[in-house]
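Below is one structure; the comments refer to it alone.
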Amino acid sequence: MQDLSFIAWCLEHLNYGTIFLLMTIESSFIPFPSEVVVPPAGYLARAGELSSWGVVLASSLGAIAGALINYLLALWLGRPLVYRFVNSRLGHALLLSEAKLIKAEQYFDKRGAISTFIGRLLPGIRQLISIPAGLAKMPLATFLFYTLLGAGLWNTILFLMGYFLPSMVPGIDTKEQLVEQVTKYSHEIGFTLLSLVALVLAILILKHYLKRRKVPNN
């Protein structure tokens with residue numbers, strides 16, 4: 001209960017430090033959505049209480065820090081201990097499950113390094129995608145690059161929603177109303193982004209295939 005009270009206090013006192021801390025927690029094992037952190041911070045930036053760049057930077061660095069915790073734990077502990085923790089009472093209290101972890105691993109195995117980027121855009125995968133990256137011993141520089149890319153994109157979108165939605169959608173007069181609207185739209189935006197990424201990748205693969213076909217065989 002004290003931990004929840006501390007998180008609630010941080011949400012009520014958003015600044016660059018609490019944004020970083022909350023996003024670190026959100027990106028590691030403790031489950032609560034980034035939608036309750038970044039959009040309200042965007043709301044405060046609109047009011048002139050925070051800097052736009054400061055919000056995006058603090059939230060993205062926090063997401064990287066939390067993802068790095070999961071990555072390093074998976075790297076050091078290995079698969080047997082990670083699965084034992086997930087199946088423990090504490091793991092269940094954190095809303096972790098073996099099924100979710102298997103899903104994240106399968107997603108990572110199918111898509112390789114790029115899944116670390118794409119996974120940051122998907123609800124249910126976002127927090128866990130760092131674990132299979134650690135289990136697979138992905139190079140740290142590659143992991144950090146794709147995590148920064150995905151987290152930066154997602155946090156920028158959430159920030160823009162918090163900044164602009166109050167002027168675009170009637171009835172948003174408080175941070176609570178803003179969070180409700182952002183949560184409503186965020187899943188659709190995440191899957192739309194995923195579709196766009198998949199389309200771009202398909203075009204690149206097709207171009208590469210056609211280019212190879214044009215090269216004469218020696």
Side-chain angles (χ1 to χ4, degrees), residues 2-73 94-95 116-131 133-134 140-168 172 174-187 189-190 193 197:
Q2 290 180 346
D3 292 340
L4 294 177
S5 298
F6 174 71
I7 290 175
W9 182 89
C10 289
L11 289 170
E12 288 296 322
H13 299 80
L14 287 177
N15 55 48
Y16 305 121
T18 54
I19 291 169
F20 173 85
L21 180 60
L22 287 169
M23 291 302 293
T24 299
I25 295 171
E26 184 272 342
S27 194
S28 57
F29 285 118
I30 299 177
F32 71 91
S34 52
E35 288 86 346
V36 304
V37 181
V38 184
Y43 185 89
L44 294 177
R46 181 181 179 86
E49 298 182 32
L50 294 172
S51 157
S52 299
W53 286 108
V55 170
V56 174
L57 182 62
S59 58
S60 298
L61 290 177
I64 292 170
L68 190 59
I69 291 172
N70 286 358
Y71 170 88
L72 292 175
L73 284 175
L94 296 175
L95 302 184
T116 304
F117 163 66
I118 298 175
R120 300 297 308 184
L121 307 176
L122 294 177
I125 296 289
R126 190 175 301 128
Q127 290 87 352
L128 295 179
I129 196 64
S130 306
I131 297 177
L140 181 59
T142 304
F143 170 76
L144 291 175
F145 172 76
Y146 282 111
T147 300
L148 175 60
L149 203 62
L153 175 60
W154 182 244
N155 289 329
T156 299
I157 291 169
L158 290 180
F159 169 80
L160 292 174
M161 292 176 73
Y163 194 94
F164 288 109
L165 272 183
S167 63
M168 297 171 62
I172 299 181
T174 66
K175 288 189 291 184
E176 290 74 20
Q177 292 170 336
L178 173 64
V179 169
E180 182 180 349
Q181 289 297 322
V182 169
T183 303
K184 178 181 176 181
Y185 296 129
S186 61
H187 287 186
I189 290 176
L193 280 172
V197 170

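Any value given below was found using the heavy atoms of this structure, including those in side chains, with hydrogens, waters and symmetry copies removed. Position 1 is the first residue of the sequence, and the numbers go up from there.
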(message) For a 4.5 angstrom cut-off between non-hydrogen side-chain atoms, does Y71 reach L140?
(response) yes
(request) Measure the spacing between CD1 of I19 and CG of L61 and express it to the nearest 0.5 Å. (result) 11.5 Å
(message) I need the N70 CG to S27 OG distance, nearest 0.5 Å.
(response) 7.0 Å
(request) Hey, could you give me the CG/CG distance between L68 and L73, rounded to the nearest 0.5 Å? (result) 9.5 Å
(request) Side-chain contact test, heavy atoms from C-beta onward, threshold under 4.5 Å: evaluate it for L14 versus E49 and give yes or no. (result) no
(message) Let's go through L144 and T147 carefully: what are the C-alpha distance in whole Å and the side-chain angles of both, what is the deciding distance for side chain to side chain contact (heavy atoms under 4.5 Å, CB included) to 0.1 Å, and is it a yes or a no?
(response) CA-CA 5 Å; L144 291 175; T147 300; 5.6 Å; no
(message) On a heavy-atom basis, which atom in V38 and which in S59 lie closest, and how many Å separate them?
(response) CG2-CB, 3.9 Å
(request) For the residue pair T24 and I69, establish whether any side-chain heavy-atom pair is separated by less than 4.5 Å. (result) yes
(message) Quick check: do I157 and L153 have side-chain heavy atoms less than 4.5 Å from each other?
(response) yes
(message) Once rounded to the nearest 0.5 Å, what's the spacing between atom CD1 of I64 and atom CZ of F20?
(response) 9.0 Å
(message) So which atom in A41 and which in V55 form the shortest heavy-atom distance, rounded to 0.1 Å?
(response) CB-CG1, 3.6 Å
(request) Keeping the roles fixed (side chain from Y43, backbone from P166), state whether a donor-acceptor pair exists under 3.5 Å. (result) no
(message) I want to check something: taking the side chain as every heavy atom from C-beta on, are L149 and T116 in contact at a cut-off of under 4.5 Å?
(response) no
(request) Specify the closest pair of heavy atoms between L158 and E35, including all atoms of both residues, with the distance to one decimal. (result) CD2-CG, 4.1 Å
(message) Is there a side-chain contact between F159 and N155 in this structure, where contact means two heavy atoms from C-beta onward sitting under 4.5 Å apart?
(response) no
(request) Report yes if some heavy atom in the side chain of Y163 is under 4.5 Å from a heavy atom in the side chain of S52; otherwise report no. (result) yes
(message) Does any part of the side chain of L22, heavy atoms only, come nearer than 4.5 Å to the side chain of V36, both counted from C-beta?
(response) no
